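Below is one structure; the comments refer to it alone.
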Amino acid sequence: MHRALKIGILEGDDIGLEVVPECVKAMRAAAEKTGLAIEWHPLPIGRKALDTLGHTLPPGTLEKLDMLDGWVLGPIGHQAYPRDNPNAINPHPILRKHFDLFANIRPAKSYPGLPALYQDVDLIIVRENNEGFPPDRNVYMGSGEFRPTPGMTISVRVITREGSAKVARAAFELARTRLRKKVTAVHKNTVFKLGCGMFAEECREVAKEFSEVAFDEVMVDTFAMRLVMKPQQFDIIVTTNTFGDILSDAAAGLVGGLGLAPGLSAGPQRAMAQATHGSAPDIAGRSIANPYAMIISGQMLLAWLGHKHGEPRAVRAAQLIEAAMERVIRAGKVLTPDLGGKATTDQMGDAVAAEVARAPA
Ligand code: ATP
């Protein structure tokens with residue numbers, strides 16, 4: 001690759017304003033260390049954009065994102081947006097749909113020394129992102145949820161062959177890069193014979209293309225039990241939208257909570273780094289938010305861009321951030337309160353960036 005990577009910075013709301021700058025700090029340090037050229041593009045989104053430009057997703061933002069390779073998105077606190085303002089929309093579903101960000105990749109990894117229910121967990125949930133149950137994104141017009149009578153609500157779940165095959169392929173491609181090389185498809189085709197049945201069929205078809213990757217299937221209820229009893233047995237998990245949403249929060253809980261839950265939403269052309277946690281208004285403005293999830297989301301974006309564009313410096317930059325974060329956690333001196341430390345958000349971000357700078361290039 002002979003040009004700079006173009007990466008957007010969208011801070012979001014509440015703790016987004018605190019953790020996104022730390023993510024960018026670590027990415028900048030890693031780019032500098034590896035000689036990776038990045039063109040940064042700060043763009044308005046969320047509450048700040050509503051107050052200054054009159055819209056939470058201002059006109060032109062989608063067009064500008066179209067010109068970029070990927071972006072870092074802070075959490076969006078849409079629950080607190082004014083209900084009576086039609087311009088105060090939740091930008092998430094629009095971004096995911098517009099850029100076909102069909103795979104939501106959510107790792108859960110434990111670190112020795114951190115308070116967690118389990119050690120030795122290193123799994124990734126790959127969740128279908130644009131179909132399934134969420135009514136705000138599973139239909140072209142209207143809503144996937146409706147109320148034909150005052151006493152009845154119907155929620156539609158959308159499963160397509162194409163969507164299932166795409167997310168399965170993303171999971172297998174990821175598994176190929178891992179040590180254990182194993183994919184577990186999670187569904188419930190014994191009950192949802194057509195929906196989960198179709199998802200399972202597509203996973204099996206894609207599995208045939210990846211002979212080096214082991215494949216098995218587990219019913220979602222059994223999986224939930226096995227996840228809490230022995231999470232170490234899993235490597236890559238591929239599943240449908242809502243199952244993945246719930247199970248990835250459970251997995252985060254096993255290794256230390258939402259502050260340790262990064263995420264990447266990837267599509268055919270672009271990817272969006274976005275931590276699993278919300279905007280956490282209860283702790284916003286106090287500089288106690290854990291920047292881990294946002295920094296590692298940015299790290300995942302660099303790795304994804306590196307593989308996508310054949311840019312080894314981006315892959316190396318991602319490795320540097322991961323190793324720096326591990327060293328900061330192992331040292332245990334500069335950790336935010338949720339990890340048992342006393343450091344502020346920016347102190348922990350500074351420590352990661354300093355470790356990146358200290359590493360051999
Ligand atoms: P959403 O519905 O937007 O996903 P949520 O209701 O799941 O949001 P969060 O905003 O994710 O809620 O917060 C859940 C809890 O986790 C809160 O107590 C919050 O303070 C805590 N939390 C979330 N993110 C972090 C973080 N980065 N560091 C420390 N604590 C966090």
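Ligands are counted one by one from 1 in listed order, and the atoms in each one are counted from 1 as well. Just so we're clear, the structure is a prediction, and the values are computed from it rather than from any experiment. Positions are given from 1 along the sequence.
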> What atoms of ligand 1 come closer than 4.0 angstrom to any heavy atom of Ile15?
Replying inline: 24 (N), 27 (N)
> Is the cationic atom of Arg330 (NZ for Lys, CZ for Arg) positioned less than 6.0 Å from the six-membered ring centroid of Tyr111 and within 45 degrees of its normal?
Replying inline: no
> Just wondering, more than 12 heavy atoms not from Glu162 lying within 6.0 Å of its CD?
Replying inline: no
>> Is Ala289 close enough to touch ligand 1? Criterion: a residue heavy atom under 4.0 Å from a ligand atom.
In response: yes
> Do the charged groups of Glu201 and Arg161 touch, with an N to O distance under 4.0 Å?
Replying inline: yes
> Does the protein place any heavy atom closer than 4.0 Å to atom 23 (C) of ligand 1?
Replying inline: yes
> Can you find a protein heavy atom closer to atom 12 (O) of ligand 1 than 4.0 Å?
Replying inline: no
> How close does the nearest protein non-hydrogen atom get to atom 15 (C) of ligand 1, and which residue and atom is it?
Replying inline: Leu258 CD1, 4.5 Å
> Who's closest to atom 30 (N) of ligand 1 heavy-atom-wise, of Val19, Leu339, Ile283, Asn290?
Replying inline: Ile283
>> Can you list everything that forms a side chain to side chain donor-acceptor pair (under 3.5 Å) with His277? Sequence neighbours excluded, please.
In response: none
> Is a donor on one side and an acceptor on the other found under 3.5 Å between the side chain of Thr222 and the backbone of Val218?
Replying inline: no
> Among protein heavy atoms, which sits nearest to atom 3 (O) of ligand 1, and what does the distance come to when rounded to 0.1 Å?
Replying inline: Gly278 CA, 3.5 Å
> Would Leu68 and Glu39 count as a side chain to side chain contact (heavy atoms under 4.5 Å, CB included) if you check the C-alpha gap in whole Å, the side-chain angles of each, and the deciding distance to 0.1 Å?
Replying inline: CA-CA 9 Å; Leu68 305 182; Glu39 227 177 70; over 6 Å; no
> When the aromatic ring centroids of Phe223 and Phe243 are compared, is their separation below 6.0 Å?
Replying inline: no
>> Taking distance alone, with N or O pairs closer than 3.5 Å, would you say Asp282 contacts ligand 1?
In response: yes
>> Out of all atoms in ligand 1, which are within 4.0 Å of some heavy atom of His277? Include the element for each.
In response: 11 (O), 23 (C), 24 (N), 27 (N)
> Does the protein put any heavy atom within less than 4.0 Å of atom 5 (P) of ligand 1?
Replying inline: no
> Which residue and non-hydrogen atom of the protein lie closest to atom 2 (O) of ligand 1, and at what distance in Å?
Replying inline: Gln79 NE2, 4.7 Å
> Where does Ser279 meet ligand 1, judged by heavy-atom distances below 4.0 Å: at the side chain, the backbone, both, or neither?
Replying inline: backbone
> Considering only heavy atoms of Ala280, which atoms of ligand 1 have at least one such atom less than 4.0 Å away?
Replying inline: 10 (O), 19 (C), 20 (O), 23 (C)
> Between Phe210 and Phe215, does the ring centroid distance fall short of 6.0 Å?
Replying inline: no
>> Distance check, rounded to the nearest 0.5 Å: Arg137 atom CZ versus Lys97 atom NZ?
In response: 8.5 Å
